[in-house]
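Data first, discussion second: the structure below is written as structure tokens.
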Amino acid sequence: MIFDLEIKLPCSCCGAGEQVRVAQSIVSGDLRWYVSTNCTECGQCMEVDGLGLPPQNIRKQILDISGSWTIMLNDVKSIPRVIKILRDHLYINTKDALLVLRMQENNGIFQGTRTEGMWLADLLRKAGEVPLLLLVT
């Protein structure tokens, strides 16, 4: 699964319009993201990528275009396994993971991009849970 977005922004070097490509994908079970810029006027290029959740400014660009998605768990099979997944992959502590799980009827256990939701839902499925991925906005 890949989300790919192309937009035009002013070049940081010359001010002309530059192509900016923002993407998220799931590769071998890992969530990956990247940003690539290319100015056709001055030739300025940049590429940045990483594993896991992307920086907030990149997530915001994707969310603004594709909307926000949430994961609901209606019948949790193993609270310890779900807490471990939330801790290990969303980088939150055990106390916050348990709070998220207990308060999920309001916002689900996670809100983010569709690709992030698919990634987390797959991890939960592999742990024996039955996640529901829903478009919020």
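Heavy atoms only: backbone and side chains are in, while hydrogens, waters and symmetry mates are out.
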What are the two closest heavy atoms between Gly52 and Trp33, and how far apart are they? O-CD1, 3.4 Å
Linked, directly or transitively: Met118 and Leu135 (ILVMFWY side chains, under 4.5 Å): yes
Return yes if some donor-acceptor pair links the side-chain N/O of Ser36 with the main-chain N/O of Glu47 below 3.5 Å, else return no. no
Counting N and O atoms only, with roles assigned by atom type, does the side chain of Thr137 sit under 3.5 Å from a partner on the main chain of Ser68, one being a donor and the other an acceptor? yes
Starting at CZ of Arg87, measure out to CG of Asn93 and round the result to the nearest 0.5 Å. 9.0 Å
Begin with the C-alpha distance, continue with both residues' side-chain angles, and end with the deciding distance and a verdict on side chain to side chain contact (heavy atoms under 4.5 Å, CB included) for Cys45 and Cys39. CA-CA 7 Å; Cys45 296; Cys39 181; over 6 Å; no
Side chains of Leu73 and Gln104 in contact at under 4.5 Å (non-hydrogen atoms): yes
Roughly how far, to the nearest 0.5 Å, is the OH atom of Tyr34 from the OG atom of Ser25? 8.0 Å
Greater than 12 external heavy atoms within 6.0 Å of Ile79's CD1: no
Validation row: Val20, Val22 side chains within 4.5 angstrom (heavy atoms): yes
Checking side-chain contact (heavy atoms from CB on, under 4.5 Å) between Val76 and each of Leu101, Leu124, Val130, Ile83, which is the one that passes? Leu101
Is a side-chain donor or acceptor of Trp119 paired with a backbone partner of Gly29 at a separation under 3.5 angstrom? yes
Flag yes if Val48 and Ile62 sit in one hydrophobic cluster, no otherwise; membership is Ile, Leu, Val, Met, Phe, Trp, Tyr, and two members link when side-chain heavy atoms are under 4.5 Å apart. yes
Check whether any side-chain heavy atom of Arg32 sits under 4.5 Å from a side-chain heavy atom of Gln24, and report yes or no. no
Below 4.5 Å, heavy atoms only, C-beta onward: do Glu18 and Asn38 meet side chain to side chain? no
Taking all heavy atoms of Pro131 and all of Ala121, pick out the closest pair and write down the distance. CG-O, 3.4 Å
Would you kindly confirm whether Val136 and Ile109 end up in one hydrophobic cluster when ILVMFWY residues are joined by side chain heavy atoms under 4.5 Å apart? no
Do Glu6 and Gln19 have side-chain N/O donor and acceptor atoms under 3.5 Å apart? yes
In terms of heavy-atom contacts, does NZ of Lys95 have more than 12 from other residues, nucleotides or ligands at under 6.0 Å? no
Backbone N/O of Asn107 and side chain of Thr70: donor-acceptor pair under 3.5 Å: yes
Beyond-backbone contact of His89 with Leu123, side-chain heavy atoms, under 4.5 angstrom: yes
Between Ile65 and Leu9, is there a shared hydrophobic cluster once you connect ILVMFWY residues whose side-chain heavy atoms come closer than 4.5 Å? yes
Please tell me if the side chains of Lys60 and Gln56 come closer than 4.5 Å, counting only heavy atoms from C-beta onward. no
The reported gap from NZ in Lys84 to OG1 in Thr94 (rounded to nearest 0.5 angstrom) is 10.0 Å
Can you confirm whether Glu41 sits close enough to Cys13 that some side-chain heavy atom of one is under 4.5 Å from a side-chain heavy atom of the other? no
Is Glu116 reaching over with its side chain to a backbone N or O of Thr113, donor-acceptor style, under 3.5 angstrom? yes
Between CG on residue Leu51 and CG on residue Asp30, distance to nearest 0.5 Å: 5.5 Å
According to a hydrophobic-cluster definition based on side-chain heavy atoms being under 4.5 Å apart (Ile, Leu, Val, Met, Phe, Trp, Tyr only), do Leu86 and Leu98 belong together? yes
Decide yes or no for Asp49 and Val35: does some side-chain heavy atom of the first lie under 4.5 Å from some side-chain heavy atom of the second? no
Between the SG atom in Cys11 and the CD atom in Gln44, the distance rounded to the nearest 0.5 Å is 5.5 Å
Heavy-atom closest contact (Thr40 atom, Gly17 atom, distance): OG1-O, 4.3 Å
Would you say that more than 12 heavy atoms from the other residues, nucleotides or ligands in this model lie under 6.0 Å from the CE of Met46, or not? yes
Rounded to the nearest 0.5 Å, how far apart are CZ of Phe110 and CG of Leu53? 5.5 Å
